[in-house]
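Data block below; observations after.
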Amino acid sequence: MANIQLRNVRKAFGAVEVIKGIDLDIRSGEFMVFVGPSGCGKSTLLRLVAGLEDITSGELAFDGKVVNGLAPSKRGIAMVFQSYALYPHMTVFDNMAFGLTLEKGTDKDEIRKRVENAAELLQITPYLARLPKQLSGGQRQRVAIGRAIVRDPKVFLFDEPLSNLDAALRVATRIEIAKLHESMHNVTMIYVTHDQVEAMTLADRICVLRDGLVEQVGTPMELYETPDSLFVAGFIGSPKMNFIAGDKAKPFNAHTVGVRGEHLVIKPSDGTWSGTVIHTENLGADSYVYLEMGTEEPVVVRLDGVNNYKSGDTVHISPMDDKIHRFDAAGKPIR
Amino acid sequence: MATDTLAPPMALPGVRIKSELMQQRARAARWFLLPMLIALAVVAGWPLLRSIYFSFTDASLNNLYGAEWVGFNNYLRWTTLDSGKTVYRGLLVDPKWWGAVGNTLRFAAYSVTFEAIFGMIVALVLNAEFKGRGIVRAAILIPWAIPTIVSAKMWSWMLNDQFGILNDLGMKLGLLSQKVAWTANADTAMTAVLIVDIWKTTPFMALLILAGLQMIPKDIYEAAEIDGVHPVKQFFRITLPLVRPALMVAIIFRLLDALRIFDLIYVLTPNSDATKTMSVLARENLFDFDKFAYGSAMSTMLFLIIAVLTILYIWLGKVRFDGGDR
Amino acid sequence: MVGTFDLWKVTKTTLFYLLVIFIVVESVFPFYYAILTSFKTGTDLFRVSYWPDSFSWGNYAAVLNTGSFPRNLLNSVFISATTVLLALFLAITASFALSRVRFRGRGLLLMTILAVSMFPQIAVLAGLFEVIRSLGIYNTPWALIFSYTIFTLPFTVWVLTTFMRDLPIEIEEAAIVDGASPWVIITRVFMPLMWPALVTTGLLAFIGAWNEFLFALTFTSSNDTRTVPVAIALLSGGSSHEIPWGAIMAASVIVTIPLVVLVLIFQRKIVSGLTAGGVKG
């Protein structure tokens, strides 16, 4: 239960500025996701909030109190690392209890109770006496989360926790984290990922970062429906939004027109645009058709169920009304 | 000391607000380093300075503290005789000293060269996969594990002119026409020393080189084989260039070690002018002859030589020694 | 065509194994011969033999029962062990600072420490002699423990720094987030993980101290205080011309067997320790 404010936060490593002036408000109890391409500074930003790195200039405040100078353990944070970072020589119980045993004045019963409660919550009670190397990846991740819960933090930090898990496990753990957020609804959570699916499914609000600056902050739907820039439009949503520029965009009075694959309809004839099929993908539940239309990248159309298009077919497409995004030459939306 | 960061990237910051964490770590680092630094200063720094100081005095074992400054006298001094002739005295014109320098350099050159070559061969053998590789690796550790003095004695016995097995074998195989006094004879003394040193140190070189070899990915060789590159060519064009860093490190380490060698010479070929190295000569002067100041001058010279080489090495390999990226 | 091809391969393999056998034999033979000799007494010594043909414990009895050799063994064990423990104690915390904390001049410091281990020991002999005499520890084990630090300390610092550098940074960060101070990190998080490295480093340093000759020769003057290398080097027989080869070999074997056994047991660790210091540099 802490709201976090960043005011003109900058971070430089030597001569290289990695975070270039970020203003951000994170509300108490919300699940905020930092997302962006490699090198955008999202992990660095997380580490600044944690206190593992010094802030070069600017202010970081928890509940109005500036915490720039505070050590991580004094900020009331807990962190889940990408590689779990469990102490290999300690049992699960000791791993989770370690932070508490370092605090003066916590008695052993209290520690045991808190560890057992957290283990219960994450269903890892049977593993308390085991060593990390005896656990699977998913179990280790839960222990890492448990270690963080035990600290009873005000702010929960996740640094790409699902990257090391395989696809199926990723989905399962994602659900666990979502449930965790629901059961701990007064704890602020900041989550870093490069995967926009994780961002869309977990976040209350998403902060899209690029090159050390904030591109846009908003709820997943806000980012999906009203992206504030070409970059965000192309980053959020899978498959990537189709961008049509040049002559084909002229009728819409825009430099670039963006339409998502799921918002394009195939017409038997006489569509807004037409193109030649160069590739199709059938995934069972839905399918994708890639069209060569003279645009920079092939235009992708999403269809329900199985499609029967073959390479070489000519296809006519029209965008759905109200689902057209128009951008000017600077990449800013025209609304 | 400036701030530290925990993760990579690198360099040093400008003006910053130091957080509690960084301050705590910097403070801890200072306290952690202090005991070690003090120990080194007391055990290495001070004695070194004193040794150098002694070389500029007329100290002797019985009169260490009453030593008086004589400047460079121990190194070089000259007097003009009545006859007009100038006589030079001192370390820099001492034939015994230069003899020792020559011995040391010869020893270093030969031993390092052979140890590098044999070490490379052994490393290549160990890098290959074959049955019994474990035995070979264990076997080569034995010469390394045996204390130098023990090696010297063992080989002394084997090189014994009357009862030594080497002479016996040599005669039996027809390689020798008469028994050789390996360690006593001035011509063969250096050879004897080299035999023992090469026997003892090749394993160390082999292990260092092996570590370098094992870092070369195996698929490069597979690609070369598919391309039809001859194994010998593979060695010179692929292996050698890629193992060069490890090889250079091993060679430099060995070289610096070889220049200061004492134990083996002292025990295997004592009192032999043909093998006396700088260290041996220095100690002789320091303690046996009670030419304490003169001996100090010798040891200082040796130190200078090694210091110059070490600095050269570190300066050339500067990238490696920046402390890593943590 | 097939016949020629096979012949070449067979020749290659034969030559290879011949090389292997040669390497093994030349490595082991001297030690084997020393053992052989140690079991010979009297006139047997003057007869060259390649295989064991006489067996007598006489030399061992002579070495262990007369003279100060057993005492020398104890000296060596005590001195080497103490030196190593002292060096490890000083080095562990120093290595943490050198490997995990970034500060100005760190690279220079590491280079200096490496340079100290390159000192020719003779260069400090005069100065050390003065210090040891003035401290009143000449001809005691403490003289050697004191002076051995000059090479065991830089060595242990260097190797431990390399090992600590390789510990994953996220574990340290997790500990920081948990509220661990640097001392806690070292003692409760890193040390338990570094046991193998500590053992290896300790073993290598122990062997180095055990083998040391120059300081031991110079700073001790009586049989009781000598260490094993000096004792073996100075072993002399009854008369001034008689060199007791049998006894020398017996002493050598006594001293070497434990070392060889230790080295063989800890083979892998030793190899990685040596190369960590050397190659990773």
For chain B, the option from C/Val20, C/Val116, C/Ile207 that forms the most heavy-atom pairs under 4.5 Å: C/Val20
When only pairs under 4.5 Å are counted, which of C/Ile21, C/Ile248, C/Leu125 shares the most heavy-atom pairs with chain B? C/Leu125
Check the surroundings of atom CZ in C/Phe89: do more than 12 heavy atoms from other residues, nucleotides or ligands lie under 6.0 Å from it? no
Beyond-backbone contact of B/Val43 with C/Leu153, side-chain heavy atoms, under 4.5 angstrom: no
For B/Pro143 and B/Lys200, work out which heavy atoms get closest and say how close. O-NZ, 3.3 Å
Please look at B/Tyr53 and chain C and tell me whether the side chain, the backbone, both or neither of the residue comes under 4.5 angstrom of a heavy atom of that chain. neither
Can you establish whether the number of heavy atoms outside C/Leu135 located under 6.0 Å from its atom CG is more than 12? yes
Under 4.5 Å to a heavy atom of chain C? For B/Phe118 that would be neither
Between B/Leu48 and chain C, which part of the residue has a heavy atom less than 4.5 Å away: side chain, backbone, both or neither? both
Which atoms of C/Thr218 approach chain B - backbone, side chain, both or neither, heavy atom under 4.5 Å: both
So, the part of B/Leu286 with a heavy atom under 4.5 Å from chain C: the answer is side chain
Please state whether the side chain, the backbone, both or neither of B/Trp31 comes within less than 4.5 Å of a heavy atom of chain C. neither
Side chain from CB out, backbone as N, CA, C, O: work out which of these in B/Asn160 comes under 4.5 Å of a heavy atom of chain C, or both, or neither. side chain
Nearest heavy-atom neighbours spanning C/Pro229 and C/Glu212: CG-O, 3.6 Å
Proximity breakdown for B/Ala128 and chain C, heavy-atom pairs closer than 4.5 Å: side chain
Is chain B contacted by the side chain of C/Leu217, its backbone, both, or neither, given a heavy-atom distance below 4.5 Å? both
Using non-hydrogen atoms only, which part of B/Ile165 is less than 4.5 Å away from chain C: side chain, backbone, both, or neither? both
Between C/Thr37 and B/Trp157, is there a side-chain donor-acceptor contact under 3.5 Å, judged purely by atom types and distance? yes
Proximity breakdown for B/Val136 and chain C, heavy-atom pairs closer than 4.5 Å: both
Which bit of B/Leu61 is near chain C, if near means a heavy-atom gap under 4.5 Å: side chain, backbone, both or neither? both
So, the part of B/Leu169 with a heavy atom under 4.5 Å from chain C: the answer is both
Contacting region of B/Ser156 [heavy-atom separation from chain C under 4.5 Å]: both
Region of B/Ser279 in contact with chain C, defined by heavy-atom distances below 4.5 Å: both
Are any of the side-chain heavy atoms of C/Phe206 and C/Thr83 separated by less than 4.5 Å? no
Which of C/Leu204, C/Val261, C/Leu203 passes side-chain contact (heavy atoms from CB on, under 4.5 Å) with C/Phe266? Answer is C/Leu203
Given heavy-atom pairs under 4.5 angstrom as the criterion, report whether the side chain, backbone, both or neither of B/Ala28 touches chain C. side chain
Among C/Ile232, C/Leu262, C/Val255, C/Asn211, the residue with the most heavy-atom pairs under 4.5 Å to chain B is C/Asn211
Proximal component of C/Val131, with respect to chain B [non-hydrogen, under 4.5 Å]: side chain
Name the region of C/Ser117, side chain, backbone, both or neither, that has any atom closer than 4.5 Å to a heavy atom of chain B. backbone
Given a strict heavy-atom distance threshold of 4.5 Å, which part of C/Phe129 is in contact with chain B: side chain, backbone, both, or neither? side chain
Answer yes or no: is there a side-chain heavy-atom contact under 4.5 Å between C/Ile150 and C/Phe215? yes
What residue, out of C/Glu130, C/Gln121, C/Met249, has the most heavy-atom pairs lying under 4.5 Å from chain B? C/Glu130
Under 4.5 Å from any heavy atom of chain B - which part of C/Glu26: both
